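In what follows, a single structure is set out as structure tokens and then discussed.
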Amino acid sequence: MTNCDSSNDGAGELLERVMGLLVDSSLQQRIDAPIDEALASFPCPEASERSQRVFHRVIGEFLVHVRKEVLAGAMVPSLLNALGEAMSLLEEGYHGTCSDGYDGALHDAVDPAHPGLQLVIERMAEAIRIRYRETYVRWVIDRHITSANWTVRCSLTALLMDQCRQWMPPDLQRCPPEQLVGCIPELLHLHLSMSRVLRSELMELFAQSS
């Protein structure tokens, strides 16, 4: 068996297991649905006072609420710590009506011309969803791939290259798998993305023929 022979080292089973954990249906069940439920159950106040003080209280309370609902058993931050995390989350991932980041969220919340806190909470939920998905993907890779031995990771790279070869740049197509072991996360992302595209095209084709 060569270093990249996946027939006996379990790389094929590993790829199937990881793909099962990272397909959209799994991510939707594990992450999206609980966040959607947390958003629906959060009593966002219809505050007549559009102020920074109310804005801070609500975004902190919402993050605490999401943690309780989505990460059952995890340590729930204090409201002060949750506020700092919420502000950081908004700064990195909030896309506002007129501007992005924390300032954009604050503007959407306090400007009477905009929907207010409900809009901020909905877009904050989307930012949380993206962050939690990224964290989960990293965990899956660390738990199932990074911890595997060199032979398995080399064989897994060879499998991913076979699946992704037609979408890879020519210079990378010619690389031996040993040189691309460090690119497993990128290859896996490409494989998932193209599988999603192909699945969507097949569904559209079946819909047209029915």
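Please read these numbers as outputs of a predicted model, since none were measured by experiment.
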- line: In Leu160, Asp162, Leu22, the residue satisfying side-chain contact (heavy atoms from CB on, under 4.5 Å) with His191 is Leu160
Does atom [atom1] ([X]) have a neighbourhood of more than 12 heavy atoms from anything else shown, all under 6.0 Å?
{"X": "Gln173", "atom1": "CD", "result": "yes"}
{"X": "Arg143", "atom1": "CZ", "result": "no"}
{"X": "His189", "atom1": "NE2", "result": "no"}

Between [X] (side chain) and [Y] (backbone), is there a donor-acceptor pair under 3.5 Å?
{"X": "Glu91", "Y": "Tyr102", "result": "yes"}
{"X": "Ser88", "Y": "Gly84", "result": "no"}
{"X": "Arg153", "Y": "Val181", "result": "no"}
{"X": "Ser26", "Y": "Val23", "result": "no"}

task: Return the minimal non-hydrogen interatomic distance between Ser195 and Met19, and the atom names on each side.
output: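 The pair with the smallest heavy-atom distance is OG-CE, 4.2 Å.
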query: Where do Leu90 and Ala105 come nearest, in terms of heavy atoms and distance?
result: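 Smallest heavy-atom distance, with atoms named: CD1-CB, 3.9 Å.
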Side-chain heavy-atom pair [X], [Y] within 4.5 angstrom cut-off:
{"X": "Leu180", "Y": "Pro177", "result": "no"}
{"X": "Arg133", "Y": "Gln28", "result": "yes"}
{"X": "Arg67", "Y": "Pro77", "result": "yes"}
{"X": "His107", "Y": "Cys98", "result": "yes"}
{"X": "Met124", "Y": "Val66", "result": "no"}

- prompt: Is any NZ, NE, NH1 or NH2 atom of the basic residue among Asp36 and Arg129 found under 4.0 Å from an Asp or Glu carboxylate oxygen of the other?
  reply: no
field: side-chain contact (heavy atoms from CB on, under 4.5 Å) between Arg123 and Thr97, intermediate numbers included
entry: CA-CA 11 Å; Arg123 294 183 178 175; Thr97 304; 3.7 Å; yes
message: For the CG atom of Leu27 and the OH atom of Tyr132, what is their distance to the nearest 0.5 Å?
response: 15.0 Å
- request: Kindly write out the residues that satisfy side-chain contact (heavy atoms from CB on, under 4.5 Å) with Ala125, not counting sequence neighbours, or none if the list is empty.
  value: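 Only Ile35, Leu39, Phe62 meet the side-chain contact (heavy atoms from CB on, under 4.5 Å) criterion with Ala125.
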query: Taking only residues two or more places apart in sequence or in another chain, which ones pass side-chain contact (heavy atoms from CB on, under 4.5 Å) with Ser99?
result: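 Residues passing side-chain contact (heavy atoms from CB on, under 4.5 Å) with Ser99: none at all.
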query: Any idea how Trp139 and His144 line up, ring-wise: parallel (<30°), tilted (30 to 60°), or perpendicular (>60°)?
result: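 Aromatic pair Trp139/His144 classed perpendicular.
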- prompt: Just checking, is any N or O donor in the side chain of His56 or Ser51 under 3.5 Å from an acceptor N or O on the other one?
  reply: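 The answer is no; no qualifying pair exists.
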query: Do Glu61 and Arg57 pass the salt bridge (charged side-chain N to carboxylate O under 4.0 Å, His left out) test, and can you show the C-alpha distance, the side-chain angles, and the key distance before you say yes or no?
result: CA-CA 6 Å; Glu61 289 177 348; Arg57 175 174 61 81; 3.5 Å; yes
